[in-house]
Amino acid sequence: MMNITFPDGVQREYQEGTTSMEIAKSISEGLARNILAAEVNGEVWDLSRPLTGDAKVKFLKWDDDGGKSTFWHSSAHLMAEAVESMFPGVKFWVGPPIDKGFYYDMDLGDRSISESDLEKIEQKMRELAKQNNVYTRKEIAKKDAIDYFTKKGDEYKLDLLENLEDGNITFYTQGNFTDLCRGPHIPSTGAIKAIKLTSVAGAYWKGDEKNKMLTRIYGVTFPTQKELDEYLVMLEEAKKRDHRKLGKELGIFTIDEEVGPGLPLWMPNGTIIIEELEKLAKESELEAGYKRVVTPHIGKEQLYLTSGHLPYYKDSMYPAMELDGTRYYLKAMNCPHHHKIFAAEQRSYKELPLRLAEYGTCYRYEQSGELFGLMRVRCLHMNDAHIYCTRDQFAQEFKAVNDLYLKYFKIFGIEKYVMRLSLHDPAKLGEKYINEPELWLETEAMVRQVMIDAEIPFVEVKGEGAFYGPKIDVQIWSAIGREFTLATNQVDFAQGRRFNLTFTNQNNEPETPLIIHRAPLGTHERFIGFLLEHYAGNFPLWLAPVQVKILPVSDKTLEYAQNVLKNLKKSDIRAEIDERSEKIGRKIRDAEMMKIPYMIIVGEKEAAEDTLSVRRHGVGDKGSFKTNEFIDSLLTEIREKA
RNA sequence: GCCAGUGUAGCUCAGUUGGCCAGAGCAGCUGAUUUGUAAUCAGCUGGUCGGGGGUUCGAAUCCCUCCACUGGCUCCA
């Protein structure tokens, strides 16, 4: 007998070799119907797999992450079966579950799948799901597995097998499809009731662009049609938040083909937001002891050779222009220019930390396929600053930058983000990263310690560091789920030496400063793109391009409206009058569509009483106010950035 | 850059298997209307069908090529 412990602490005895499905059935038939997999001693197992000894068992339903991923993993196999039946000879690479659904990579030879094929594959999947085929697990010797795939001529699975240990290899079969797979899977295909293949895309084998491009099909499945429908509605809702759509509708920015891809033009409404953000940044940075500088948009080749950028990032820079025999580059980063400001004067330890800030304009030649609205562009305005400090000052300075982030995130109500400690990859030293193994480990430890001391949760990711040092990146997601770095806080142990930057220390010796590169508000482009989606276009009052729209009921009250406008402008409130000879309902509708925070309606009643009828966007009629009273409440709301 | 797709008026979209001057709604303009909390009415303007080349008696529709965009991959200081 074996002893099974459930999550609530209850223990029960079962015959050895009992499967988790049988255990579930012994508890209740209802439970057995709703479970997809079981967590056995922390590992997700098939329900049909026999348990061999005492264990902790937790049943996984659709609502558990482990349940969903098992469901989607099995769905990937179902899709593979459908594809194989329609495209005989197709070879499969890997088909994992992902955040929302699953994909499978495959080599179709000289055939290709277009989006119109997806529906046919879906249809086939539905057919196969209805057969309710059982997913069967089979342990297999490595030799036999190699034989199987050698006969099949499948070099991809053979490649996978190379890295697997004998005795640890399993095959899964459902219907006519057998795959090398570590599992686990749901009991049978019948549970998959709703299927949507979302897109087909190319993906390099093993993610390396030197390798062959495989075909990747993305899909998502659900246990009920209702859940799929809800998911599709959610996708539609997300599209309405897309900053590319909102940016156009609200007159924030435009991208013109003739100006160039990835080169946004900021329209008047967008420019107001830019100016408000810069005001916030300048005030905060002044308070935090930064000094402002301004630097040119270009620099000589030698500058970027000295900094070390050219060998690492030349491909991402616009090609050089040659003038009088000298090559100049458009700057892709501000740091070399700032370093030259540090170098321009003799520096004493008494000046440190020296914090140089600039909203710098940079140009990066991003690959054409990577451009994405405002989130990935070729011209960007960075909330940049470089902090030159001693080693002793580092922790405090780095933490102060983190505090600045958190202050901003609070203002903007940004809650969904992940702080990522981006580390170097030792395998790429000298190639992608400056070849200073000890300095890497040392600075990485310094940053880690600051984060731990500040009790800020973070994840560590190898291979995401800057070429000159580790960094903390703040990761966010666009409305359609793409991940971006919103803000960054980086250590630089390399450029100080490369530029020969020194200060005189207390012992009257020259010493190289550590440098922190930071951009808490990222770039205007990405930050405003993010804010558009974050607020769904409903900007808080202090950021709203038009804060108040005055709507006269008829021409008769136009004069009174103009008076009100004058008063609002006196208080620096951004207001406009809708002077069209439209009905009030129409004026309200248009102002609502433009997501203007406050509408004030002035008719003969208001003109006679010297009042305003106030309407709040998305809320409705707020009643009658005296002009001064209303302006005061606006000013408070603006000041508090509510 | 790579794979797959898309490109018709400022916007959202129709345009049957290639066939009469390429359509609609919204927006814009002009006029009428003077209006009370999410669309007043009428008339009008507006498109070298992404650019170029080709096939054809004839191309928005078929082919080639370039550009841009979309979804991914690679990349992301």
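Chain A is the first sequence line, chain B the second, and so forth, proteins listed ahead of strands; every chain is numbered from 1.
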Visitor: Would you say Tyr218(A) places a side-chain N or O within less than 4.0 Å of OP1 or OP2 belonging to rC73(B)?
Guide: yes

Visitor: Applying a 3.5 Å limit to both distances, which nucleotide forms a Watson-Crick or G-U wobble pair with rG25(B)?
Guide: rC11(B)

Visitor: Taking Asp107(A) as the fixed residue, which of Lys212(A), Lys157(A), Lys91(A), Arg216(A) is the one that meets the salt bridge (charged side-chain N to carboxylate O under 4.0 Å, His left out) rule?
Guide: Lys212(A)

Visitor: State which of rA39(B), rG36(B), rU37(B) makes the closest approach to the side chain of Arg586(A).
Guide: rA39(B)

Visitor: Given rG36(B), rU70(B), rC73(B), which nucleotide is nearest the side-chain atoms of Arg244(A)?
Guide: rU70(B)

Visitor: Please give the nucleotide sitting opposite rU30(B) as a Watson-Crick or G-U wobble pair, both distances under 3.5 Å, or none.
Guide: rA42(B)

Visitor: Counting just side-chain N and O atoms, does Ser581(A) come under 4.0 Å of either OP1 or OP2 of rU34(B)?
Guide: no

Visitor: Would you mind classifying the nucleic acid contact of Phe372(A) as base, sugar-phosphate or nothing, using non-hydrogen atoms under 4.0 angstrom?
Guide: sugar-phosphate

Visitor: Using the C1' atom as the point on both nucleotides, what is the distance between rG50(B) and rG7(B), in whole Å?
Guide: 6 Å

Visitor: Say we look at rC66(B) and rG25(B): how far apart would their C1' atoms be, to the nearest angstrom?
Guide: 34 Å

Visitor: With heavy atoms under 4.0 Å as the rule, sort Ser368(A) into base, sugar-phosphate or nothing.
Guide: base

Visitor: What is the base-pairing partner of rU35(B), counting Watson-Crick and G-U wobble geometry with both distances under 3.5 Å?
Guide: none

Visitor: Identify the nucleotide, in any strand shown, that forms a Watson-Crick or G-U wobble pair with rG47(B), with both distances under 3.5 Å; if there is none, say none.
Guide: none

Visitor: Would you indicate which nucleotide in rC76(B), rU40(B), rC73(B) comes nearest to any side-chain atom of Tyr204(A)?
Guide: rC73(B)

Visitor: Where do Val614(A) and Asp621(A) come nearest, in terms of heavy atoms and distance?
Guide: O-OD1, 3.3 Å

Visitor: Can you tell me which nucleotide in rU35(B), rC73(B), rU40(B) comes closest to the side chain of Lys556(A)?
Guide: rU35(B)

Visitor: On the side chain of Glu606(A), is there an atom forming a donor-acceptor pair with the base of rG36(B) - under 3.5 Å, no angle test?
Guide: yes

Visitor: So is Arg482(A) actually on top of Phe372(A)'s ring, under 6.0 Å and inside 45° of the axis?
Guide: yes

Visitor: Pro261(A) has a side chain; which of rG71(B), rU35(B), rA68(B) sits nearest to it?
Guide: rA68(B)

Visitor: Any idea which of rU37(B), rG72(B), rG36(B) is nearest the Arg482(A) side chain?
Guide: rG72(B)

Visitor: To the side chain of Ser554(A), which of rU70(B), rG36(B), rU34(B) is closest?
Guide: rU34(B)

Visitor: Nearest to the side chain of Val200(A), heavy atoms from C-beta on, is which of rA4(B), rG1(B), rC2(B)?
Guide: rA4(B)

Visitor: Take the protein atom CZ of Arg378(A) and the nucleotide atom C1' of rG1(B), then report the distance between them rounded to whole Å.
Guide: 11 Å

Visitor: Between Arg364(A) and rC76(B), does any side-chain N or O lie under 4.0 Å from OP1 or OP2?
Guide: no

Visitor: So what's rG18(B) paired with, Watson-Crick or G-U wobble, going by both distances under 3.5 Å?
Guide: none

Visitor: Are OP1 or OP2 of rC76(B) and a side-chain N or O of Lys432(A) less than 4.0 angstrom apart?
Guide: yes

Visitor: Is the gap between the ring centers of Tyr433(A) and Trp440(A) under 6.0 Å?
Guide: yes

Visitor: When only distance counts, do a donor and an acceptor, one from the side chain of Arg615(A) and one from the base of rA38(B), lie under 3.5 Å apart?
Guide: yes

Visitor: Map Ile601(A) and Met333(A) onto RNA chain B by nearest heavy atom, then report which one ends up closer to the 5' terminus.
Guide: Ile601(A)

Visitor: Assuming nearest nucleotide by heavy-atom distance, tell me which of Arg589(A) and Lys206(A) is located more 5' along RNA chain B.
Guide: Arg589(A)

Visitor: If you define the side chain from C-beta out and look only at heavy atoms, does anything of Pro437(A) sit under 4.5 Å from Leu429(A)?
Guide: yes

Visitor: Which is true for Thr215(A) with a 4.0 Å heavy-atom rule: it touches a base, it touches only sugar-phosphate, or it touches nothing?
Guide: nothing

Visitor: Tell which nucleotide pairs with rU6(B), taking only Watson-Crick or G-U wobble pairs whose two distances are both under 3.5 angstrom.
Guide: rA68(B)

Visitor: Considering every strand and a 4.0 Å limit on heavy-atom distances, what is the contact class for Ile588(A): base, sugar-phosphate, or nothing?
Guide: base

Visitor: Identify the two heavy atoms, one from Thr557(A) and one from Pro552(A), that lie closest to each other, and give their separation to 0.1 Å.
Guide: OG1-CB, 3.7 Å

Visitor: Categorize Tyr103(A) for me: base, sugar-phosphate, or nothing, with a 4.0 angstrom heavy-atom threshold over every strand shown.
Guide: nothing

Visitor: At under 4.0 Å between heavy atoms, what does Phe467(A) touch on the DNA or RNA strands: base, sugar-phosphate, or nothing?
Guide: nothing

Visitor: Rounded to the nearest Å, what distance is computed from the OH atom of residue Tyr468(A) to the P atom of nucleotide rC76(B)?
Guide: 13 Å

Visitor: Could you check whether Ala201(A) gets within reach of a base, just the sugar-phosphate, or nothing at all, counting any heavy atom under 4.0 Å?
Guide: base

Visitor: Counting any heavy atom closer than 4.0 Å, what does Lys587(A) reach on the DNA or RNA strands: base, sugar-phosphate only, or nothing?
Guide: nothing

Visitor: Classify Gly207(A) by what it touches in the nucleic acid, base, sugar-phosphate, or nothing, heavy-atom distance under 4.0 Å.
Guide: sugar-phosphate

Visitor: Just compare rC75(B), rA38(B), rU37(B) and give me whichever is closest to any side-chain atom of Arg376(A).
Guide: rC75(B)

Visitor: Calculate the interatomic distance between Met375(A) atom CE and rG72(B) atom P; express it in whole Å.
Guide: 13 Å

Visitor: Given atom CH2 of Trp205(A) and atom C1' of rC3(B), what is their separation to the nearest angstrom?
Guide: 18 Å

Visitor: Give one of base, sugar-phosphate or nothing for Gly603(A), where a contact means two heavy atoms less than 4.0 Å apart.
Guide: base

Visitor: Using only heavy-atom distances, determine whether the side chains of His424(A) and Glu444(A) contain a donor-acceptor pair under 3.5 Å.
Guide: yes

Visitor: Choosing from rC69(B), rA4(B), rC76(B), which nucleotide comes nearest the side chain of Ser112(A)?
Guide: rA4(B)

Visitor: Rounded to the nearest angstrom, tell me the gap between atom CD in Glu582(A) and atom C1' in rU30(B).
Guide: 14 Å

Visitor: Between Trp72(A) and Thr221(A), is any pair of side-chain heavy atoms under 4.5 Å apart?
Guide: yes

